[in-house]
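None of these values were measured; they are calculated from a predicted model. Letters A, B, ... are given to chains in the order of the sequence lines, protein chains preceding strands, and every chain is numbered from 1.
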Number of protein chains: 2
Amino acid sequence: MVETLWLPSFELALHRNRGTPTGRLVQLATVRKDGRPSVRTVVLRGFLAETHRPHFASDTRTVKVEEIREHPWVEACCYFPQTREQFRLGGLVTVASSESRDPGLVKARNEVWSEMSDESRLAYTWPDPGRPRHHAVPFSTTPPDPHNPMPHFCLLVLDVREVDHLELSGNPQHRWRYHCDDRGRWSGLEINP
Amino acid sequence: MVETLWLPSFELALHRNRGTPTGRLVQLATVRKDGRPSVRTVVLRGFLAETHRPHFASDTRTVKVEEIREHPWVEACCYFPQTREQFRLGGLVTVASSESRDPGLVKARNEVWSEMSDESRLAYTWPDPGRPRHHAVPFSTTPPDPHNPMPHFCLLVLDVREVDHLELSGNPQHRWRYHCDDRGRWSGLEINP
């Protein structure tokens, strides 16, 4: 395992902010088909075993998954209000879907599905996200089987290659930039905030 | 003044979440020169009088202002933890800098500068953001004049053209999409969450 310089700080921040309602919320930025940026809130569900890749639950029917399939490089912004620090994680996303065959991805997808709340799983039974809503068609209120992911449930697995860590609490503030080279070796540099 | 359908909901959300530490924090997504997305946290400083355009304080020396000058279409994501709702505001940014001559922009830039805290103003005296940090050079601890903005202080003024409003608190959730046409007329549609 290559040392990931930024990961200990990130895990410490998650721990220190675990009591806040936004502690595991992340804003995920993608690029649309027309080249414009797009950003929405997702939940950090955990890290892939061994590779420590952060992952988020999603739905293959959403525009964001379409965008990622076309432009897999994304940036995730994690702001921690308790400790007043921000991590920006840039890198490439792999979509772990019902069609994935990689054993690690299949396992992670099944695990996240079974660990989610009934309320979160229920949303995957609803009609296509982003389409006009028809109130005549009632939404299901029966959560799906926790041991059998819905076909369009997917994990977005982020292979982090760049990190920008800003600590606002100091005066002056502190900021570091981390970069991963093609061989997977990390380097870091303190920069002006 | 053309009716902006989404604005009352957005102002209500700001009001209802005014006590939370993240109540005025927004994640602003831009596109980099290499076509990849970029996202960081900024503070919503207010709305431009009459046009109701949201604006954020920034520094013309930052990469984000460079990115905006090249690709002025951005998306801002506002997540409100208290009421569990999200607004995504897409549109074009005007950079109100020391070179701006528009009286409304000049006035807003001066006002935001004078209303900011000494701590926030102080950051504009620091060396170029994002450059390697040299600890031998001490950062200034004397806040600049509140009545005379630093030359590289700027406002990012967002002319909102698209809005996606998601309410997570309902079961099922509620989501609306708003769109502004070329004549400045807004239309809205309820969509599947």
Would you mind checking if [Y] and [X] are paired as a salt bridge, meaning a charged N to carboxylate O distance below 4.0 Å?
| X | Y | result |
| --- | --- | --- |
| B:D181 | B:R183 | no |
| A:R45 | A:E115 | no |
| B:R53 | B:D159 | no |

Seminar exercise, completed: Assert top hit (heavy-atom pairs under 4.5 Å, partner chain A, pool B:L189, B:D128, B:T62) equals B:D128

Exercise. When only pairs under 4.5 Å are counted, which of B:H134, B:E162, B:H71 shares the most heavy-atom pairs with chain A?
Worked result: B:E162

Exercise. Where do A:R133 and B:P193 come nearest, in terms of heavy atoms and distance?
Worked result: NH1-CD, 4.2 Å

Exercise. Roughly how far, to the nearest 0.5 Å, is CG of A:L89 from CH2 of A:W6?
Worked result: 5.0 Å

With only heavy atoms counted, which part of [X] is less than 4.5 Å from chain A, the side chain, the backbone, both or neither?
| X | value |
| --- | --- |
| B:H174 | both |
| B:L122 | side chain |
| B:Q86 | side chain |
| B:Q82 | neither |
| B:P132 | both |
| B:R131 | both |
| B:R32 | side chain |
| B:W73 | both |
| B:L25 | side chain |

Exercise. Hey, which of A:K64, A:R40, A:E70 is the one that makes side chain to side chain donor-acceptor pair (under 3.5 Å) with A:T30?
Worked result: A:R40

For this session: Look at A:C78, A:P172, A:S140, A:A123 and state which one has the largest set of heavy-atom pairs under 4.5 Å with chain B.
Result: A:P172

Problem set entry | Pairs of heavy atoms under 4.5 Å with chain B: top-ranked of A:R177, A:Q173, A:R175 | A:Q173

For this session: Give me the ring orientation class for A:F153 and A:Y124: parallel if the planes are under 30° apart, tilted from 30 to 60°, perpendicular past 60°.
Result: perpendicular

Problem set entry | Aromatic ring proximity, centroids under 6.0 angstrom, B:Y178 and B:W186 | no

Problem set entry | Under 3.5 Å donor-acceptor, A:R69 side chain and A:E66 backbone | no

